[in-house]
2 protein chains.
Amino acid sequence: MRHTTITDLAKKLGISASTVSRALSDHPDINDNTKKRVRKLAKEFNYKPNPIAQSLKNNRTTIIGVIVPEIQHDFFASAISGIEEVAYHAGYTIIVCQSNENFEREVINTNALIQQRVAGIVASISQNTNNSDHFKSVIERGIPLVFFDRACEDVSASKVIIDDSKSAFNAVTYLIGIGYKKIAHFAGPKVLEICKRRLAGYSEALNKAHIRISKELICYGGLHETDGYNSMDSLIKKNIIPDAIFAVNDPVAIGAFQRIKEAGLKIPDDIGIVGFSNNKITTLVDPTITTIDQPSFEMGKKAAEILVGLIENKNKSAKPKTVTLETKLIIRGST
Amino acid sequence: MRHTTITDLAKKLGISASTVSRALSDHPDINDNTKKRVRKLAKEFNYKPNPIAQSLKNNRTTIIGVIVPEIQHDFFASAISGIEEVAYHAGYTIIVCQSNENFEREVINTNALIQQRVAGIVASISQNTNNSDHFKSVIERGIPLVFFDRACEDVSASKVIIDDSKSAFNAVTYLIGIGYKKIAHFAGPKVLEICKRRLAGYSEALNKAHIRISKELICYGGLHETDGYNSMDSLIKKNIIPDAIFAVNDPVAIGAFQRIKEAGLKIPDDIGIVGFSNNKITTLVDPTITTIDQPSFEMGKKAAEILVGLIENKNKSAKPKTVTLETKLIIRGST
DNA sequence: ATTTTTCCTGCAAACGTTTGCGATTACGTT
DNA sequence: AACGTAATCGCAAACGTTTGCAGGAAAAAT
């Protein structure tokens, strides 16, 4: 079955394609009666303009590009869902790309989206992104760009983030408040800004409480379960046993959690644990894990809303804005 | 910055656009020397053909549409990731839509993808889909379609599935084998084929072991945690305590798991639990949950591979094939 | 009756690419 | 010398839409 085109309608009505086009877009030049006839036939044949042809004219599609490190990751899956939700209601579809935390692939994806003439891009950068030329060329091309969670600091674009530093500060301050003294931090990749800030919040909390920061209690690693597991493992092997752990995110917390259980230590009595993100999993383990609620779905939604705004107000070259969403310390059984 | 077009190159070289086009596609009509000049300039200006213009000619994009019930669901997030992986390497991008288990939205998404002239569609249907006209019109339009996991039975399309019935049969048979006798089934929506088949496998296993099937041990519900929780809750309130539960999927198993713990019953001693899908979560709770490994990532990959095959071999109108991937019972602490 | 105005509609170009066909040139064959 | 044949290349159309401009007809004004 072929798609009905504007020319098909024109032929059937004995008028020109341009008149049909104008009638459908309610152009004042067109006679009301003609408009009615056109609309009736269009409905009858379920005519929908070919978006490709429109895109060719506008040199722009109605597709929003989304780049995330990993689709599978709870946080991103949820954020994508939020983006899709907003895009759907605004009449856009979303193309989803994953960088797999790989810089080259992020560049390739970005360029592919530019080539595809997406209307805008929502992105969260990979942990290995140390150069932002690809995002700068997005800006240069006049394509609206919004970061969420992990932003590129040296790119002038809007972002939806949380206050990582403050959130971390609050969590660690809470740990100190309930009596923990030897608090370790399982940090993420040093290059990732959000990780730096979480580390900074951790340090600040210790400083404020006049607790000396011990380098051996700060373990750097990745963002996955195995990283938390390994960090805990190496501490145990070095016989350094903290009385609490502030993990850079929930998977890392879970990894540490498992290794602690294997070691026969009790949570929260021997070791307290705080995660970050409020992944579903933290409510399902025993004990449940104290964590910081990071509104992933809302972050996706908000980022998409800003992007749609930028796309549809091309004229108002608004300055990039930064939206900081609230987090919340959720106290559970692990502390 | 503007995109370089084929006409830009033609002008700079003083030749026609058609020659440039042919040179770039290595057409035999074109002089080798010309080809070299063209290729050199194309590289220099980083020329990439405008996919929109190409799409307009072909009346087809290089985008693969993906429709899933929920992006956030572990199984689907993982499958999408697999689809993206294959698509990426084959030079396609993916548009992801979620139906939110809503039939109307699935129809709208499907039509939107048709309008967008996607090259093909990978879909897993919503639990409320009782009509397949929208998928039939995909076929009619000649757009390749592959289902995964949840297929539309009355649509002639390829599918990537698992043997739900056999998997369920094996799991329940295993439960019987290790001594469980009063085995409940927390079933999914009656309309969903995969749920029917899992139920059938459950029944068959009981029959084979000459265990009477008790209607009150079969609880119908949705596919989420709360459904498992509620099913268990109602059993407890009716004072019907099974000695094992076979859940339609892992979230449901987890829900039951929680209610059981709340009731102070011991797993696996008082009640054994078997889930379905091998979601990550099943390895993280205590005790870990016995489940059936369903290769989500591979299912996505396989579906995408079949789809790409169909797209690129338009001529060979191959008959739809059904690929059944192997599942595996993973025995853990809950049984 | 002529001019002006209003109202409606169509022509044609443009977006960037691909491709059938015809045109041109050079070369070898009779 | 006359012709056929490759080897190269360009013209123009096509994909479906939008839009500036021109044009025609009818209505209104002179």
Side-chain angles (χ1 to χ4, degrees), chain A residues 1-39 41-42 45-63 91 114-119 141-142 314, chain B residues 1-39 41-42 45-63 91 114-119 141-142 314:
Chain A
M1 223 176 83
R2 251 187 76 258
H3 290 266
T4 314
T5 75
I6 212 167
T7 336
D8 295 338
L9 298 183
K11 275 184 194 156
K12 283 207 204 299
L13 290 166
I15 58 180
S16 78
S18 42
T19 303
V20 176
S21 173
R22 274 186 268 249
L24 290 172
S25 57
D26 206 23
H27 194 285
D29 270 8
I30 305 298
N31 185 294
D32 279 345
N33 195 35
T34 311
K35 283 184 188 171
K36 276 180 198 158
R37 287 175 57 221
V38 170
R39 283 201 270 257
L41 199 72
F45 281 78
N46 190 27
Y47 167 78
K48 297 274 162 47
N50 182 336
I52 300 176
Q54 289 180 315
S55 298
L56 185 60
K57 276 244 67 149
N58 308 333
N59 204 25
R60 173 151 64 87
T61 62
T62 57
I63 300 175
I114 294 177
Q115 286 301 330
Q116 292 263 9
R117 270 67 167 181
V118 292
R141 285 240 152 72
K314 281 300 234 184
Chain B
M1 225 176 83
R2 252 187 73 259
H3 291 266
T4 312
T5 74
I6 213 168
T7 336
D8 294 337
L9 298 183
K11 275 183 192 156
K12 282 207 205 299
L13 291 166
I15 58 180
S16 78
S18 41
T19 304
V20 175
S21 173
R22 275 186 267 250
L24 290 172
S25 57
D26 205 23
H27 195 283
D29 270 8
I30 307 298
N31 185 295
D32 280 344
N33 194 36
T34 310
K35 284 184 188 173
K36 277 180 198 159
R37 288 174 57 222
V38 171
R39 284 200 269 255
L41 200 71
F45 280 79
N46 190 28
Y47 167 79
K48 297 273 162 49
N50 181 336
I52 300 177
Q54 289 180 314
S55 298
L56 186 59
K57 275 242 67 143
N58 308 332
N59 202 25
R60 172 149 65 88
T61 61
T62 57
I63 300 175
I114 294 176
Q115 286 302 329
Q116 292 263 8
R117 270 66 168 182
V118 293
R141 284 240 151 71
K314 283 299 236 181

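Sequence lines set the chain letters: A, B, ... in the order given, protein chains first and strands last, and positions in each chain run from 1. Since the structure is predicted, the reported quantities are computational estimates derived from the model, not experimental observations. Atom set for the values below is all heavy atoms of this structure, side chains included, hydrogens, waters and symmetry mates excluded.
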S.K.: Kindly state which residues belonging to residues 17-38 of chain A come within less than 4.0 angstrom of DNA chain C, counting heavy atoms of the residue only, listed by number.
M.R.: A/Ser18, A/Thr19, A/Arg22, A/Asp29, A/Ile30, A/Asn31, A/Thr34
S.K.: Just how far, in rounded Å, is P of D/dA12 from CD1 of B/Ile6?
M.R.: 18 Å
S.K.: Within the structure shown, what part of the strands sits under 4.0 Å from B/Ile15 by heavy-atom distance: base, sugar-phosphate, or nothing?
M.R.: sugar-phosphate
S.K.: State whether the side chain of A/Asn58 and the backbone N or O of A/Gln54 hold a donor-acceptor pair below 3.5 Å, judged by distance alone.
M.R.: yes
S.K.: Expressed as a whole number of angstroms, how long is the span from A/Leu56:CG to D/dC15:P?
M.R.: 14 Å
S.K.: Side chain of B/Thr19, backbone of B/Ile15: donor and acceptor closer than 3.5 Å?
M.R.: no
S.K.: Give a yes/no answer on whether the side chain of B/Gln54 brings an N or O atom under 4.0 Å of OP1 or OP2 in C/dT18.
M.R.: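 True: B/Gln54 side-chain N/O within range (under 4.0 Å) of C/dT18 OP1/OP2.
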S.K.: For A/Thr61 and A/Ala119, work out which heavy atoms get closest and say how close.
M.R.: O-CB, 3.3 Å
S.K.: Measure the CD1-CD1 distance between A/Ile52 and B/Ile52 for me, rounded to the nearest 0.5 Å.
M.R.: 8.5 Å
S.K.: For B/Lys57 and C/dT19, give me the distance from atom NZ to atom P, rounded to whole Å.
M.R.: 7 Å
S.K.: Does B/His3 form a side chain to side chain contact (heavy atoms under 4.5 Å, CB included) with B/Tyr47? I'd like the steps, not just the answer.
M.R.: CA-CA 8 Å; B/His3 291 266; B/Tyr47 167 79; over 6 Å; no
S.K.: Check the phosphate of C/dT17 against B/Tyr47, side-chain N and O only, distance under 4.0 Å to OP1 or OP2. Yes or no?
M.R.: yes
S.K.: B/Ile52 CD1 to D/dT17 C1': how many Å, rounded?
M.R.: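 Value for this atom pair: 13 Å.
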S.K.: Figure out the CZ/P separation between A/Arg117 and D/dT17, and round it to whole Å.
M.R.: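 It is 20 Å, rounded to the nearest whole Å.
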S.K.: Short question: side chain of A/Arg22, backbone of A/Asp29 - any donor-acceptor pair under 3.5 Å?
M.R.: no
S.K.: What's the CG-C1' distance between B/Leu9 and C/dT17, to the nearest Å?
M.R.: 12 Å
S.K.: Between atom NZ in B/Lys11 and atom P in D/dG10, what is the gap in whole Å?
M.R.: 15 Å
